[in-house]
Amino acid sequence: MTDRLLSAGRALNSHAMVIGNHEVSALPREAWLEEIFEVTPDYLWAKDRQSRYVVANAAMLADTPFRTADEIAGKTDFDIHDKSLADVFFAREQAIMESGEAEIGRTEQIVGANGKTKWILTSKVPVWSETGEVIGVICCGHDITARKLAEDLLKGQSALLEMITLSKPVETILEELLHLIERLLDGLMCSLLLLDETGMHLRKCAAPTLPAAWSDLIDGVRIGPSVGSCGTAAWTGKPVIVEDIFTSPLWKDYCELARPFGFRSCWSTPIFSHDGRVLGTFALYSSRAAVPDDYARSLIRFATDIAGIALDRKYAEDRIRFMALHDTLTGLPNRATLQKNLQETIDAARMSGEGVMVAYVDVDNFKMVNDSLGHAAGDEALRSVAARLSQSLPCLEAAYRMGGDEFLVVMRDRDPSCSNAWESLLAIQRKLADPILAAGTDFSITCSVGASGFPANAGDMEALLAQADAAMYRAKAFGRDNCQRYNSDMETNVRERLELHEELRIGIENDQLRLVYQPQIELATGRIVGLEALVRWQHPKRGLIPPAIFIPVAEESGLISQLGSWVVGEACRQSRLWQDAGLPHVPVSVNVAARQFREHGFITVVRDALAANGLGPASLEVEITESLIMQDLPRAIATMQELDALGVRIAIDDFGTGYSSLSALKRFPVSRLKIDQSFVAGLPGDESDAAICAAVISMAQKLKLKVIAEGVETPAQAAFLRSAGCDQIQGFLLSRPLPPQGIEDIYRQRRF
């Protein structure tokens, strides 16, 4: 090969060259050839008959593990590329040398030294010896990566715009958009989050290769000025480029959650609507600390533009669809949507064993309002009724405007007799009578309400609606401003509920309640480090009544505070008895209901129970839930600080089921986090549960908090938690909840 290259340069060695008006002295032909070979930006290389490298220029060497021609000499593609790719190159080159025919302009795909995919346009020519034998191959390659990426981007853009034009599902469009960006940017993972209806929380939308567990963790995060990359970008409306999430102040509350997933940098950019509203964020995650180069920035702009167009189209179509199915005056669903929705609600209730209540709500004397105050006041009255109905209904319930001054309410109820729905309906009817301000005048309106329930009153939709309509007319017949149900089943249900309420009050006073205790062990040592107190009701006639039955009654009737005070006092009393009996001293945990925790006298209850039994504050632990804390965050923090000042430990129960408390966790004076059993149940096989548990444990360790996992039922679950660094566990694997004597037996048998 060298001889052929040298012969090609003989002309260069034979005379001086003139460049412009200057004569350049002749150089040795070897020097000229070497200069040409090295400075050309294209790949140049040669191989022998066995496809071993003979020589390669600097451009070629830059994408190999070798730095000099001497280093690469004698090596093969198997020393540079994956075996599958090297096999292809070897077979093709051998075919060229066997046939003696050159191969011109073939596109080949390789992975460059930077780990990114490259496309090379290659030409390979066989080399003959003086005796006419093929002795090798000379190759040249031109990097067409930029052109290839531009072509792919153009094709992808055309395909996406066609999908938008054809009104393909926006989820499909956005998934395809993110797949395209990930193909064009090797090693990066895309995420697209959308703002919810409140404009304050980001919800997961599309993330083809991002770990699902991470998407679940950040789903619903509240945006703010220091909420990672995406939360901050959505808050400020500006791109947020974080080179290293472990040093960025924007990630200080979230970096430990991200650590198990291997993220290092995150670049997020807002997605805007045509009128400048922030719709969500587009983000790129990388496993290395980096900032986007110019090419990546151009793709980010492309992605946010396409996403904005697709979302604008979707929201416009949604608006048109909404207007077709909703009343323009009140915004409520109209009669056209009722039949389908109601039938689906009834079918779902039939499958689940729940109840459905339907109620017609008719505004009394509405014509009088229109005639005396004008149609503007009448419209305001209807909007007020619609707003109050909507605000009074939980998320699984719906209100419809049937036309004129008539509305319809659909309510789901876990109780098939619809007793809870009926009580809610009575409260709604009272709420509707509150004064309305319209046309500069305060006035009140009343409503006649008629209801019927499935399956208690009717077995199908038609009968349900007919019965509710008949009940509404009976309400008008009783003088209006009245609420009637189709039959009297509710009277029986109310009586039973009142009876259970009275019996629970007597049960608390007459010592019918009992506490059972579930051990909590330390994984490192196997010793008991705590006991959770759980309440049971042994009714003298009904037998053992589950907490799921009597706790809601206690909450509805206001007995929950009295019940909670009894639990705190009894737990302290039993702790004193165990200590006097010489059992090891471990804290007893009690669960506190939201209503009791918010009461100003709760701290006094705790302090008095400890004092009455001669216990120190370390004997008691208070368990509260994330949702309880977030109902009134300032008040919850103040109460926790009072408990902390008293010396009583605090644990957050069911941790991981909330969102907002993650960023505020460092403000809570807590000592333990309790991983909710819903995340433990899938261990170790469920990757999402495993990642979430590992992330919570890692975060707690950084905050110097203990972690206990509840609901541990199998050795495999315990083994995973131990390997993940979890401190403590409780669950049926160790013991079911036991009466006090059972706990004493455990200690005497030294089972733990």
Side-chain angles (χ1 to χ4, degrees), residues 414-415 417 419-420 423 492-520 530-581 583 586-599 601-602 604-615 619-625 628 653 710 730 732 735-746:
R414 292 183 179 180
D415 182 355
S417 69
S419 60
N420 298 313
E423 293 174 5
T492 302
N493 292 333
V494 169
R495 184 166 54 251
E496 290 178 352
R497 211 166 187 82
L498 290 174
E499 288 175 357
L500 192 61
H501 164 218
E502 182 61 20
E503 289 173 3
L504 179 58
R505 184 187 63 77
I506 295 172
I508 295 173
E509 295 175 354
N510 293 352
D511 199 27
Q512 294 175 7
L513 300 178
R514 299 286 183 270
L515 287 185
V516 292
Y517 303 86
Q518 189 169 41
Q520 301 169 334
L531 299 164
E532 181 178 7
L534 303 165
V535 65
R536 301 290 186 264
W537 181 13
Q538 187 65 46
H539 193 283
K541 295 181 179 179
R542 302 179 188 232
L544 186 65
I545 300 179
I549 298 296
F550 69 83
I551 293 296
V553 173
E555 291 175 338
E556 293 170 8
S557 63
L559 283 173
I560 192 67
S561 296
Q562 185 179 351
L563 174 61
S565 298
W566 178 87
V567 170
V568 172
E570 176 61 18
C572 289
R573 187 190 70 82
Q574 184 58 56
S575 181
R576 176 78 269 167
L577 291 176
W578 280 330
Q579 291 184 37
D580 291 344
L583 270 64
V586 297
V588 177
S589 300
V590 294
N591 294 279
V592 179
R595 178 168 178 171
Q596 184 183 19
F597 191 74
R598 289 195 298 265
E599 291 180 347
F602 174 64
T604 302
V605 169
V606 173
R607 184 186 295 111
D608 291 350
L610 291 170
N613 293 282
L615 294 176
S619 299
L620 187 67
E621 181 181 67
V622 170
E623 289 191 11
I624 53 179
T625 63
L628 180 157
D653 193 13
E710 64 179 351
Q730 75 178 84
F732 287 177
S735 172
R736 292 180 176 274
L738 299 171
Q741 185 59 50
I743 298 298
E744 294 179 22
D745 292 343
I746 284 178

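One is the number of the first residue; the rest follow in order along the sequence.
Scanning all heavy atoms of the two residues, the minimum distance from V590 to A571 falls at CG1-CB, 3.7 Å. Considering all non-hydrogen atoms of both residues, Q596 and S565 come closest at NE2-N, 3.3 Å. Here the shortest heavy-atom pairing between N613 and G569 reads ND2-O, 4.0 Å. The minimum heavy-atom distance between I746 and P519, with the atom names listed, is CD1-CG, 4.0 Å. Considering every non-hydrogen atom in both Q574 and Y517, the closest pair reads CB-OH, 3.3 Å.
Listed by chain and number, the residues in a side chain to side chain donor-acceptor pair (under 3.5 Å) with Q512 are W537 (sequence neighbours excluded).
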Worksheet entry | Step-by-step salt bridge (Lys or Arg N to Asp or Glu O under 4.0 Å) determination, E503 to K541 | CA-CA 11 Å; E503 289 173 3; K541 295 181 179 179; over 6 Å; no

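Once rounded to the nearest 0.5 Å, the distance linking CZ of F597 with CD1 of I560 reads 14.5 Å. Summarising the geometry, atom OG belonging to S575 is positioned 8.0 Å from atom CG belonging to L620; distances are rounded to the nearest 0.5 Å. The CD1 atom of I508 lies 9.0 Å from the CH2 atom of W566; values are rounded to the nearest 0.5 Å. With values rounded to the nearest 0.5 angstrom, L504 atom CG is found 6.5 Å from L563 atom CG. With values rounded to the nearest 0.5 angstrom, L515 atom CG is found 11.5 Å from L531 atom CG. Between the CZ atom in R536 and the CG atom in L513 there is a gap of 11.5 Å [rounded to 0.5 Å].
At distances below 3.5 Å, at least one donor-acceptor pair connects side-chain atoms of R576 with backbone N or O atoms of G614.
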